[in-house]
Amino acid sequence: MLDIAFIRSNPEIIKEGIRKKRMNTDIDELLSVDEEVRKVRGEVEAFRADRNRISKDIPKLKGEEKDQALAKVKAAKDGLSRFEPELKKLEEQFEKLMLMVPNPPLSIVPEGESDDDNVEVRHFGEPTKFDFQPKDHLELAESLDIVDMPRAVKFAGARMYCLKNEGALLEFALFKFALELLVSRGFQPMIVPQLVRREAMIGTGFFPLGEEDTFYVEKDDLYLIGTSEVPLVSYHMDEILNEKDLPKHYCGYSSCFRREAGSYGRDTRGFYRLHQFNKVEQVIICVNDPEVSMVEHRLLLSNSEALMQALGLPHRVALACGAEIGQGQVLKHEIETWMPSRNRYSETHSCSSLHEFQSRRLRIRWRGKNSKVNYCHTLNNTAVASPRILIPLLENFQNEDGSVTIPEVLRPYMTGMERIEPKSK
RNA sequence: GGAGGGAUGGCCGAGCGGUUUAAGGCGGCGGUCUUGAAAACCGUUGACCGAAAGGUCCGGGGGUUCGAAUCCCUCUCCCUCCGCCA
């Protein structure tokens, strides 16, 4: 959510942001409702002021004077009953429209229509060359006996899977490694609720636009999170934080659930697009200074790059173009990792700055030395998400004999194992 | 699931129909003192909308009343006991 005062005085900046993000939000409608709300609110407040002023004197009055005062209050109340329902209706409409307004992207965000227009910032390593015919990750995983998709689909439906044997161990190894790396860099590890209230979904900006992509538990009116960003940011909802306690650096581990509505038939093979996966996510809450949050953004990015470098996975860092940036984000970098079977770099990490977008919705504020209260900035980035990360890991580190070499940094978490060997059938 | 109790400013906590303009404490900020700090003392300090006048906010929503933090209904959450259970 943005500041209505800012929208009011800079509608062209908002409209330009909408254009750059290739969205279609009607700002003029919002502004006209805003004007109407303020007009009607003025009426209502005048009647309320009347009522309050007259009521105050009533206990002191007697007889005819009292009757006159009561009549005046009645007139004010009649006025209120005329305008209050209208105000309420307008305010509801206003709130609804405010939730739709996108955060304008920073000027450094490139123009573009799709991820083909993302701009590479730097890269690590080179696309892997094979002197044999490489297998894709699903073939590898099946021959290594570390996955069972058909059985998962049998009892849980499409886009479901079971990781087994070294696959299950590998996932735990990745998460343990990621958590230890982040903890060593001062991030606070968190295990968080994976079912949340609607408020948290709206507050973090996933609703109302992303509602179709979310699993809903109707009986308890709770939603399954699509990322631990939701609980980690909502954690400080309705709080006023002290400047000395900022920035907050969190790393949360959770399962993530996504309906992937509208993606039928896309990325159906293997580990790329699934209804459920696990992820270590980084979240930062800091003061609302764009320069400070830019420094934090770079920190988030560098953490994930360090992790990918330690794993030895070839990847590139790309600046996401306008159309690829979500409603609330002002800046997004992706880490795209080389996936031989796709013969391209594909997204494994998404690093976002949201400025005040989430903190305004969740009322997360901070108090500075001058006692002034401001909204915070929030940021987030993937540390590692599995099984998607297993695509480049299995594919890039496969050997001609069908085995897969385990990255050295993960071996301590896998009883020293160096390779996963194919199982003979 | 059953029975009771509760939710008040950044935090703790009083108030239970009209000088509440929400007491008091803690914390924050400013000052005195000090080489500096601590302690002590003095002052100051709720959030939101509005250009202002003013208005709104005592968990959310609704109601009673001339007037509600205060009374009634309802929802959510927390605590205690019982039941069930990992």
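In what follows, every heavy atom counts, from backbone to side chain, and hydrogens, waters and symmetry copies are set aside. Order of the sequence lines sets the chain letters (A, B, ...), proteins ahead of strands, with each chain counted from 1. Small disclaimer: the values here were computed from a predicted structure and weren't measured.
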Contacts of [X] that satisfy side-chain contact (heavy atoms from CB on, under 4.5 Å) - sequence neighbours left out:
X	answer
A/K39	A/E36
A/I202	A/L99, A/R198, A/F207, A/R361
A/I191	A/Y253

* Using the closest heavy atom to pick a nucleotide of RNA chain B for each, name whichever of A/R41 or A/K244 lands nearer the 5' end. =>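 With A/R41 and A/K244 compared, the 5'-side residue is A/K244.
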RNA chain B: A/R197 or A/A5, which has the more 5' nearest nucleotide?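 It is A/A5, whose closest nucleotide lies nearer the 5' terminus.
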What is the distance, to the nearest angstrom, from the [atom1] atom on [X] to the [atom2] atom on [N]?
X	N	atom1	atom2	answer
A/R367	B/C48	CZ	C1'	14 Å
A/L87	B/G50	CG	P	14 Å
A/M1	B/C48	CE	C1'	12 Å
A/E95	B/C48	CD	P	15 Å
A/D238	B/C77	CG	P	16 Å
A/N374	B/A47	CG	P	12 Å
A/M98	B/C49	CE	P	11 Å
A/E91	B/G50	CD	P	12 Å

(Q) Does anything in residues 97-113 of chain A form a side chain to side chain donor-acceptor pair (under 3.5 Å)? List the pairs, not counting sequence neighbours. (A)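 For residues 97-113 of chain A, and leaving out neighbouring residues, the side chain to side chain donor-acceptor pair (under 3.5 Å) pairs sorted by first residue read A/R19-A/E111, A/R22-A/E111, A/R22-A/E113.
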Item checked: Inter- and intrachain pairs under side chain to side chain donor-acceptor pair (under 3.5 Å), touching residues 145-160 of chain A, at least two apart ->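 Residue pairs passing side chain to side chain donor-acceptor pair (under 3.5 Å), neighbours aside: A/D145-A/K164, A/D145-A/N165, A/D148-A/R151, A/R159-A/S263.
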What I want to find out is whether A/R8 reaches A/D34 closely enough, with some N-O distance under 4.0 Å, to be called a salt bridge.
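Yes, charged N to carboxylate O under 4.0 Å.
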message: Using a strict threshold of under 4.0 Å (side-chain N to carboxylate O), is an ion pair present between A/R342 and A/D136?
response: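 Salt bridge: no.
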Please give the nucleotide sitting opposite [N] as a Watson-Crick or G-U wobble pair, both distances under 3.5 Å, or none.
N	answer
B/C29	B/G43
B/U80	B/A3
B/C71	B/G63

Taking the [atom1] atom in each of [N] and [M], what is the distance between them to the nearest angstrom?
N	M	atom1	value
B/A3	B/G9	C1'	34 Å
B/C71	B/C26	C1'	33 Å
B/U35	B/A23	P	38 Å
B/C75	B/C82	P	26 Å
B/G24	B/G46	C1'	16 Å
B/A69	B/C58	C1'	5 Å
B/C16	B/G10	P	23 Å
B/G6	B/A86	P	34 Å

Give me the residues of residues 26-39 of chain A where at least one heavy atom lies under 4.0 Å from an atom of RNA chain B, by number, or none.
->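 Correct list: empty, so none.
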Pairs in or reaching into [range]: which pass salt bridge (Lys or Arg N to Asp or Glu O under 4.0 Å), with residues at least two apart or in two chains?
range	answer
residues 240-257 of chain A	none
residues 293-309 of chain A	A/R122-A/E305
residues 270-281 of chain A	A/E260-A/R273, A/D267-A/R273, A/K279-A/E281

Within the side chain of A/H349, is there an N or O that forms a donor-acceptor pair under 3.5 Å with the backbone of A/A383?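 Checking the backbone N and O of A/A383 against the side chain of A/H349, a donor-acceptor pair under 3.5 Å is found.
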Open item on the list: Can you list everything that forms a side chain to side chain donor-acceptor pair (under 3.5 Å) with A/R258? Sequence neighbours excluded, please.
Closed with: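 By the side chain to side chain donor-acceptor pair (under 3.5 Å) rule, A/R258 matches no residue at all.
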Go through the side-chain N and O atoms of A/S386 and A/E171 and say whether any donor and acceptor fall under 3.5 Å apart.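 The criterion, which ignores hydrogens and geometry beyond distance, is satisfied for A/E171 and A/S386.
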Review point. Under 4.0 angstrom, heavy atoms only, what part of the nucleic acid is A/R8 near: base, sugar-phosphate, or nothing?
Key: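 Sugar-phosphate, backbone atoms only, no base.
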Filtered N/O pairs between nucleotides 83-86 of chain B and protein, under 3.5 Å:
none

A correct 5'-to-3' footprint of nucleotides 53-75 of chain B, with B, S and - meaning base, sugar-phosphate only and no protein heavy atom under 4.0 Å, is -BSS-----S---BS--------
